[in-house]
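What follows is a short report on a single structure.
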Amino acid sequence: MSQRKPFPFSEFEPRWQQQWLDTGAFRAPNPGDADFDASKPKFYVLDMFPYPSGEGLHVGHVEGYTATDILARYKRMRGFNVLHPMGWDAFGLPAEQFAIKTGRHPRETTGRNVARFRTQLQGIGFSYDWSREISTTDPGYFKWTQWIFLQLYGSWFNPATNKAESISTYAGANPDDVRLAYIADRPVNWCPELGTVLANEEVVEGRSEVGGFAVERRPMRQWMLRITDYAQRLIEELEGLDWPESIKLLQRNWIGRSEGAMVKFETEVGPVEVFTTRPDTLFGATYMVLAPEHPLVESITTGEQAQAVADYQKKVSSKSDLDRTDLAKEKTGVFTGAFATNPVSGAKLPVWIADYVLMGYGTGAIMAVPAHDERDFEFAQTFDLPVIQVVQPSGEGDWRGFVGDGVAVNSGFLDGLPTPEAKKKIIAWLEEHGVGAGRVNYKLRDWLFSRQRYWGEPFPILWEDGRHRALDESELPLVQPEMDDFKPTGTGEPPLAKAVEWVRYSETARRETNTMPQWAGSCWYYLRFCDPENTARFAGSEAEKFWMDAGKPGGVDLYVGGTEHAVLHLLYARFWHKVLFDLGHVSTPEPFQRLVNQGMILGGDGQKMSKSRGNVVNPDDVISEYGADALRLYEMFMGPLEQTKPWSMKGVEGVFRFLARVWRLGFEENQEGEWIVSSAFAEVEFTGKQARVVHETIKKITKDVEDLSFNTAIAQMMIFVNEFTTAEPRPIEALRVLLRLLSPFAPHLAEEMWERLGKAFAGFDGLASQQAWPDYDEKLLVDDEVEILLQVNGKPCDRVTVSKGMSDSDLEALALANEKVREKIENKAVVKVIVVRGKLVNVVVK
RNA sequence: GCCGGUGUGGCGAAAUGGCAGACGCAACGGACUUAAAAUCCGUUGGUGCAAAACACCAUGCGGGUUCGAGUCCCGCCACCGGCACCA
């Protein structure tokens with residue numbers, strides 16, 4: 001026999017979920033809609049939408065989603081127009097991998113997974129406006145992803161105006177040189193196992209992030225996005241955002257701005273440019289290093305060294321990135337036989353190649369100053385190259401390997417200058433002599449934007465006579481061809497190439513066969529939510545302006561998600577948004593005003609949840625045993641939102657018991673086993689203490705919700721309930737307040753109790769979730785009497801209750817007259833007395 | 001190596017520089033029950049004391065500022081996360 005539930009959550013939770021859906025209780029009207037109320041301010045609260053995996057929803061998702069849901073429900077009660085949408089980041093590798101294995105179309109798998117996720121989310125009672133649901137795989141959606149790509153393709157970054165403009169304003173000879181979306185033939189991360197190219201970000205320690213397969217470098221023709229043009233703005237414009245400082249720092253570091261100089265070194269085959277952050281050490285350069293892939297290597301290498309150089313290049317290129325990092329401890333390299341001239345000293349410097357110089361950063365060539373650079377020093381030691389001191393450290397310590405600021409020595413006209421001045425002077429000299437210039441360099445590289453996959457957005461691009469051109473907007477969306485073989489071709493050619501009919505656009509034109517990466521769809525989905533049905537624009541401009549523009553740099557008021565997207569997703573989305581802003585399509589320069597990262601939820605064993613450890617908690621199981629409200633409440637009660645914390649089923653039981661206590665606070669079981677409104681309730685006034693608890697609770701929960709401190713808000717509700725469970729008679733007003741406060745946290749229970757109480761008492765009209773948030777009265781919070789702590793030398797000694805208005809001098813006198821205080825201070829001299837009004841009196845004695 | 005975060009009872013955690021441990025879990029004692037579960041009431045940081053009163057010790061470690069430090073400053077240690085030859 002199944003045990004009787006402490007409260008009938010399994011009956012009323014689905015009922016309320018259904019009712020919310022049926023009545024569109026959380027539909028957010030757009031400007032122009034009949035029920036739109038322009039007098040209400042907007043609040044846009046967004047979750048990072050999930051990839052609908054086959055695994056279903058994870059308790060980690062539920063944490064962030066519950067936090068935003070509480071805030072969304074709270075803001076509605078505070079009279080805001082709340083936009084709280086959900087959708088699916090549904091393109092992606094797993095569905096395609098599954099399709100490859102089974103031959104089933106990824107659309108099927110995706111559809112099934114989406115349906116499961118939707119059911120799960122609705123089963124938790126999230127107050128999403130489901131009429132705004134979107135999927136990145138929907139042609140009605142990716143039409144606009146493709147459209148945005150065409151915007152990128154059709155514009156360039158004008159350094160003079162510091163923003164993107166239509167490519168038609170470009171005065172240069174070849175617009176293809178400057179398009180924000182461009183083609184490049186370059187070494188990429190080729191993963192033979194996946195049959196695709198990966199972005200740097202998708203490669204972890206030389207292996208694919210998905211699947212963990214080996215990755216090698218291989219040159220290929222790729223679509224790139226010129227995100228580097230925005231590097232400076234992406235750093236600067238972090239300023240106005242309410243993001244955790246640590247995340248801003250992560251982005252700044254990722255972009256990696258460094259100031260220095262470009263210096264030209266002459267060689268027999270022409271000048272070689274290097275980037276350095278320490279131009280002041282130019283006199284200390286004793287050799288030069290080119291990246292093994294540097295284009296000049298071939299021409300510069302002398303006959304004698306040709307073989308050794310070729311061998312080294314081969315060795316390096318066959319190394320996977322993994323090996324390359326693994327062997328990083330030992331410096332390797334080969335002399336090219338060539339020499340370069342130091343522009344400032346005229347010294348002849350041997351030119352080497354070594355894999356510690358990366359082709360992807362700076363110019364792919366460096367001047368080596370072994371005395372003041374650890375890597376160069378190590379290399380010089382290995383190959384016995386000269387080391388010349390050019391910086392004198394200010395304190396004690398060896399100059400060899402000293403990389404800090406000091407004073408220039410052995411540096412001709414720089415001698416005696418502190419490092420910052422020496423930098424300025426040498427840059428001026430370089431510019432004057434035409435052999436260099438000040439330069440800012442970024443670690444950030446352009447975004448490799450194409451993938452050799454089926455399940456992604458096709459590029460709206462045609463190829464004709466070896467040239468690319470944009471597909472006309474009227475031909476969007478460009479949908480993938482129907483296929484039943486999704487296997488990679490293995491040659492690096494994308495699977496779409498197999499759809500010969502589709503590829504053939506006309507007699508002379510062929511379609512691009514690459515697809516876009518998964519990031520594309522998630523780069524702008526928050527915009528689509530503003531107006532998801534729009535067929536004429538990615539979002540109507542009135543709707544976009546209303547939901548995104550509140551006079552702040554960022555549009556979304558609160559964006560919650562995991563730290564794993566701290567850099568890439570957030571950087572890419574910011575980049576796209578800025579381009580759209582520059583082109584006049586959106587009204588704010590930044591997408592997300594406030595960002596919060598929820599912490600990771602660990603298994604009960606304190607380890608990361610994983611199938612192999614068998615410590616995964618499935619939200620469905622929690623719901624069937626304890627209900628959705630208990631799941632929500634527990635996830636919030638565990639601890640601070642942003643902290644990593646372990647799951648505890650005992651903890652779930654704890655909040656479940658609390659919810660049962662709330663239920664029994666309102667209802668008692670009659671002879672027939674029915675729940676009836678407790679007879680203890682009556683329309684009576686609060687006692688003084690009750691009133692204080694009620695108003696303290698409203699105040700604390702209001703503040704805690706605003707601060708996203710949900711754990712302490714819940715603790716306060718528990719205090720509230722503890723106060724009233726024993727009360728007799730119970731003022732019914734207590735429940736009118738409590739249920740409204742509880743409603744964002746445990747909406748089903750609040751709704752159910754609200755409805756039932758409405759049959760017995762007045763003042764329970766409508767839905768609990770549609771009530772106004774309660775106000776508190778500051779006057780009722782304070783007692784006339786206040787307990788004062790008496791201390792001697794900072795140690796607690798006694799407590800006395802005094803009237804609130806007592807003056808400092810009276811308090812001091814009272815403390816000195818106190819018996820316990822006198823015991824402690826007798827025979828000692830009172831040095832001073834510190835009085836903190838309403839708190840304590842501290843008597844300092846010697 | 002560099003950057004960031006976190007260290008408080010048996011556990012999850014609270015605490016505008018002002019009584020450390022709110023709230024919850026676990027444990028223990030009691031009530032109800034034929035019994036159990038559920039529920040309700042109570043106790044619960046450590047040491048000393050038979051116990052109470054009380055005293056002392058307690059917020060990773062060591063210093064400092066302050067009448068007073070979990071909180072501020074300096075120096076360490078441990079764990080977690082990110083980056084990693086970025087010139």
Side-chain angles (χ1 to χ4, degrees), chain A residues 3-6 205 244-247 249-250 252-254 256-258 260 274-278 281 289 291 324-325 327-329 331 354-358 360-369 372-376 378-379 403 441-445 563-564 566-567 597 599-600 602 604 606 608 633-634 637-640 642-655 657-658 660-661 664 700 709 711-722 725-726 787-799 831-836 838-846:
Chain A
Q3 213 189 331
R4 185 161 164 69
K5 295 203 163 73
E205 289 179 354
E245 270 314 307
S246 59
I247 301 294
L249 196 66
L250 228 50
R252 282 194 203 99
N253 290 346
W254 188 267
R257 181 182 202 274
S258 45
V274 305
F275 173 74
T276 175
T277 55
R278 292 300 298 270
T281 63
V289 187
R324 224 168 138 157
T325 22
L327 297 174
K329 279 143 205 139
K331 292 276 181 290
D355 67 355
Y356 83 93
V357 173
L358 309 172
Y361 183 77
T363 61
I366 61 156
M367 64 177 213
V369 185
H372 306 293
D373 181 284
E374 282 174 37
R375 296 149 299 179
D376 296 345
E378 214 181 295
F379 190 83
V403 297
N441 202 39
Y442 299 93
K443 228 158 79 175
L444 183 70
R445 306 189 200 167
T563 341
E564 66 272 22
V567 176
N597 295 117
M600 212 189 337
L602 306 174
K608 220 174 187 158
L633 207 64
Y634 173 65
F637 189 60
M638 289 173 85
E642 304 189 49
Q643 198 167 298
T644 301
K645 42 212 177 283
W647 187 270
S648 153
M649 274 305 173
K650 287 288 182 191
V652 182
E653 280 175 36
V655 294
R657 278 201 289 265
F658 164 69
R661 272 205 304 282
R664 286 196 312 272
K700 173 131 183 77
S709 297
N711 54 329
T712 49
I714 294 165
Q716 185 62 38
M717 285 187 228
M718 290 173 171
I719 292 170
F720 185 108
V721 171
N722 291 344
T725 30
T726 50
E787 194 182 65
I788 298 284
L789 176 72
L790 304 182
Q791 297 182 322
V792 173
N793 284 345
K795 295 207 172 186
C797 173
D798 199 7
R799 298 156 187 93
V831 179
K832 64 172 156 175
V833 180
I834 287 151
V835 178
V836 183
K839 292 262 184 190
L840 59 81
V841 181
N842 185 13
V843 181
V844 185
V845 293
K846 210 160 48 176

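A note on names: the letters A, B, ... follow the listed sequences, proteins ahead of strands, and every chain is numbered from 1.
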If you measure from the [atom1] atom in [N] to the same atom in [M], how many Å do you get, rounded?
N: G5(B); M: U43(B); atom1: C1'; result: 37 Å
N: C32(B); M: G42(B); atom1: C1'; result: 15 Å
N: C2(B); M: A15(B); atom1: C1'; result: 34 Å
N: G82(B); M: C67(B); atom1: P; result: 45 Å
N: A13(B); M: U66(B); atom1: P; result: 35 Å
N: C61(B); M: C54(B); atom1: P; result: 28 Å
N: U16(B); M: U71(B); atom1: C1'; result: 11 Å
N: A55(B); M: U6(B); atom1: P; result: 36 Å

Most 5' of Gln716(A) and Arg664(A) on RNA chain B, judged by nearest nucleotide: Gln716(A)
Could you check Val836(A) against Ile366(A) and say which one's nearest nucleotide on RNA chain B is further toward the 5' end?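 Here Val836(A) is the residue nearer the 5' end.
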Roughly, in whole Å, what's the span from [atom1] in [X] to [atom2] in [N]?
X: Asn793(A); N: G18(B); atom1: CG; atom2: C1'; result: 15 Å
X: Leu789(A); N: G18(B); atom1: CG; atom2: P; result: 12 Å
X: Met638(A); N: A13(B); atom1: CE; atom2: P; result: 8 Å
X: Met649(A); N: G24(B); atom1: CE; atom2: P; result: 21 Å
X: Lys331(A); N: C85(B); atom1: NZ; atom2: P; result: 9 Å
X: Lys795(A); N: A58(B); atom1: NZ; atom2: P; result: 9 Å
X: Leu633(A); N: C25(B); atom1: CG; atom2: C1'; result: 14 Å
X: Leu249(A); N: G82(B); atom1: CG; atom2: P; result: 16 Å

Please classify the nucleic acid contact of [X] as base, sugar-phosphate, or nothing, using heavy-atom distances under 4.0 Å.
X: Gly256(A); result: nothing
X: Asn722(A); result: sugar-phosphate
X: Ser258(A); result: sugar-phosphate

Under-4.0 Å side-chain N/O to phosphate OP1/OP2 contact, [X] with [N]:
X: Lys645(A); N: G12(B); result: no
X: Arg657(A); N: A26(B); result: yes
X: Thr712(A); N: A22(B); result: no
X: Asn597(A); N: G81(B); result: no

Proximity to the side chain of [X] - top-ranked nucleotide from [options]:
X: Lys839(A); options: C83(B), G18(B), C40(B); answer: G18(B)
X: Ile834(A); options: C67(B), C85(B), U39(B); answer: C67(B)
X: Asn842(A); options: A20(B), C83(B), C67(B); answer: C67(B)
X: Trp254(A); options: C83(B), A20(B), A87(B); answer: C83(B)
X: Ile719(A); options: A87(B), C23(B), A15(B); answer: C23(B)
X: Asn711(A); options: A15(B), G82(B), A13(B); answer: A13(B)
X: Thr726(A); options: C41(B), G12(B), G18(B); answer: C41(B)
X: Ser246(A); options: G24(B), G4(B), A20(B); answer: G4(B)
X: Arg661(A); options: A26(B), C40(B), C85(B); answer: C40(B)
X: Pro640(A); options: G12(B), A14(B), G18(B); answer: A14(B)

Apply ring-ring contact (aromatic ring centres under 6.0 Å, His included) to Phe720(A) and list each qualifying residue two or more places apart in sequence or on a separate chain.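 Phe720(A): ring-ring contact (aromatic ring centres under 6.0 Å, His included) contacts with Phe724(A).
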Just label G64(B) as syn or anti from its O4'-C1'-N9-C4 or O4'-C1'-N1-C2 angle, using within 90° of 0 for syn. anti
Hey, is CD on Glu564(A) packed in by over 12 heavy atoms from elsewhere, all under 6.0 Å? yes
Over 60° means perpendicular and under 30° means parallel, so tell me whether Phe379(A) and Tyr356(A) are parallel, tilted or perpendicular. tilted
Considering only heavy atoms and no angle criterion, is a donor-acceptor pair shorter than 3.5 Å present between the side chain of [X] and the base of [N]?
X: Glu245(A); N: G4(B); result: no
X: Lys650(A); N: C11(B); result: no
X: Glu787(A); N: C19(B); result: yes

Are any of the side-chain heavy atoms of [X] and [Y] separated by less than 4.5 Å?
X: Asn441(A); Y: Thr363(A); answer: no
X: Leu602(A); Y: Thr644(A); answer: yes
X: Glu653(A); Y: Phe658(A); answer: no

Please walk me through it: do Asn722(A) and Arg661(A) pass side-chain contact (heavy atoms from CB on, under 4.5 Å)? CA-CA 9 Å; Asn722(A) 291 344; Arg661(A) 272 205 304 282; 4.0 Å; yes
Where is the tightest heavy-atom contact between Glu245(A) and Arg252(A), given as atom of each residue plus distance? OE1-NH1, 4.2 Å
If I compare all heavy atoms of Val403(A) with all of Glu374(A), which pair ends up nearest, and what's the gap?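 Heavy-atom minimum between the residues: CG1-N, 4.2 Å.
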Stems involving RNA chain B: give each as a range paired with a range, ordered by first number, where a stem means at least three consecutive Watson-Crick or G-U wobble pairs under 3.5 Å. B:1-7 with B:77-83, B:10-12 with B:23-25, B:27-31 with B:39-43, B:45-48 with B:54-57, B:60-64 with B:72-76
Can you tell me if Lys645(A) uses its side chain to pair, donor with acceptor, with the backbone of Gln643(A) under 3.5 Å? yes
Asp798(A) side-chain N/O to Leu790(A) backbone N/O, donor-acceptor pair under 3.5 Å: no
